[in-house]
Protein chains: 2
Amino acid sequence: MGIADRKEREKTEMKRLIMDAAMRMFLEEGYEKTSIRNIAEKIEYSPATIYLYYKDKDELLYDVQRQAFEKLYQVFEKKAVNKHPFKRLEELGKAYIQFGLEQPDLYDLMFIIRSPMNKIEQEDTWENGDASLQFLLSIVEECMAQQLIRFQDKHVAALSLWSVCHGLVSLHVRCRLKVMSLDDNSASHAIYHALDQYLQMIKV
Amino acid sequence: MGIADRKEREKTEMKRLIMDAAMRMFLEEGYEKTSIRNIAEKIEYSPATIYLYYKDKDELLYDVQRQAFEKLYQVFEKKAVNKHPFKRLEELGKAYIQFGLEQPDLYDLMFIIRSPMNKIEQEDTWENGDASLQFLLSIVEECMAQQLIRFQDKHVAALSLWSVCHGLVSLHVRCRLKVMSLDDNSASHAIYHALDQYLQMIKV
DNA sequence: TGGAATACTGAACACTGTTCAGTAAGTTTG
DNA sequence: CAAACTTACTGAACAGTGTTCAGTATTCCA
């Protein structure tokens with residue numbers, strides 16, 4: 001069945017082609033400009049062709065999101081490496097925020113915009129973010145085992161840290177920190193400082 | 001100058017009519033369904049008429065956002081009333097989260113979606129959220145004066161609390177807490193619990 | 001080589017925000 | 001009062017969006 005295999009391969013290659021074009025477009029032009037028509041034009045196919053490989057735009061963006069989470073995970077693996085678990089937790093938080101500030105469009109897709117989550121509206125789990133969450137949880141667990149942080153429940157601890165980081169990044173990328181009269185530069189300084197303060201508070 | 005006055009009055013009344021229709025539409029149908037055409041239909045005017053009173057959709061939404069912040073402020077005034085400043089801070093955080101969970105569409109407009117912030121892209125202050133922030137700051141200030149919280153800087157403290165609350169609410173309303181396999185009910189429970197834990201951490 | 005399956009597309013549908021020429025009504029002036 | 005001017009409003013259009021579908025090539029298999 002060599003032909004069926006080749007067909008299968010070509011199908012996934014085409015999906016890849018579409019997804020990569022969408023990802024590039026997302027990074028270079030942002031969400032607003034990433035339309036089915038623009039993607040189609042970039043890969044030199046008709047817009048209708050995309051619908052032969054993806055049910056709708058949400059399903060395509062969900063795939064792009066998956067790829068974005070792989071990038072985040074790689075950043076985590078690279079930056080959260082310290083032997084001491086609490087230091088690793090600090091590195092993780094910093095890496096998360098840095099990722100959000102440097103890749104605001106990807107951050108949008110992963111954590112802010114509604115669109116790609118419609119695909120899993122019915123289900124109550126979301127596998128795209130799973131590996132990164134597990135990474136966070138394992139560090140939290142280790143911190144708790146050595147009694148380095150003042151939490152009783154690892155899920156609460158993870159949720160708390162994630163929320164602080166996400167709150168800071170998302171308020172910034174959506175310009176809400178303007179209420180504090182911070183320019184872009186001093187805002188990112190304030191964000192890292194707020195993270196440091198938070199980490200001090202949870203340290204036992 | 002009676003006629004000029006009446007004209008002026010009619011102009012603001014018309015703006016009010018448009019804004020109120022937009023607000024109702026926002027609450028009942030959400031952001032996606034709140035189109036210029038739908039608003040125009042609801043008030044029985046042509047879509048083009050709206051552009052005689054608002055430069056563009058962003059300017060209109062900015063006005064709706066202003067009204068939404070007035071609602072939030074009223075909630076703060078009603079719920080954050082305890083004599084003890086730290087208890088008032090707790091009440092404020094709870095009220096913020098409750099507001100976000102009960103009015104997800106308004107929360108969107110105030111803190112998540114890009115649209116109404118385009119209007120003030122150039123400026124670096126954002127008056128709509130100012131009163132509510134001042135409310136938070138005054139409580140934080142009082143807490144610090146009585147050495148009830150472990151912060152040195154009131155702005156950092158305010159940013160920290162706001163970020164935790166916003167992080168929790170926004171991750172929830174945008175379905176990202178699904179990664180933790182929480183259904184809607186247990187998610188809101190987890191959110192309030194995470195807030196409680198945070199408040200314990202910052203307490204001196 | 002003929003027929004079936006596959007891959008692809010042009011054109012259309014129903015939306016969106018926005019603009020603008022044109023009309024109708026209200027106001028001011030001669 | 002009538003003419004001229006001003007204001008308020010709208011229908012239709014433009015350029016864009018996601019999505020569907022009939023129809024056309026192309027490829028595959030008997």
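Keep in mind it's a predicted model, so treat the numbers as computed, not measured. Letters go in sequence order (proteins before strands), and every chain restarts at 1.
Contact annotation: the side chain of Y107(B) approaches that of H166(B) to within less than 4.5 Å [non-hydrogen atoms, C-beta and beyond]. Residues L195(A) and C165(A) have side chains in contact (heavy-atom distance under 4.5 Å, counting atoms from C-beta outward). Between M14(A) and T49(A), the closest side-chain pair of non-hydrogen atoms falls below 4.5 Å.
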Heteroatom pairs (N/O) under 3.5 angstrom, protein to nucleotides 22-24 of chain C:
none

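If you measure from atom CD of E32(B) to atom C1' of dG17(C), you get 15 Å, rounded to the nearest angstrom.
Aromatic ring pairs are classed by plane angle as parallel below 30°, tilted from 30° to 60° and perpendicular above 60°; the pair Y31(A) and F26(A) is tilted.
Contacts with DNA chain D (heavy atom under 4.0 Å) in residues 34-60 of chain B: R37(B), Y45(B), S46(B), A48(B), T49(B), L52(B), Y53(B), listed by number.
Ring centroids of F111(A) and Y96(A) are separated by less than 6.0 Å, placing the two rings close together.
With salt bridges taken as basic N to acidic carboxylate O contacts below 4.0 Å, none links K119(B) and D56(B). Taking 4.0 Å as the cut-off between side-chain N and carboxylate O, R37(B) and E41(B) do not count as a salt-bridged pair.
Annotation: ring-ring contact (aromatic ring centres under 6.0 Å, His included) contacts of Y198(B) (sequence neighbours excluded): none.
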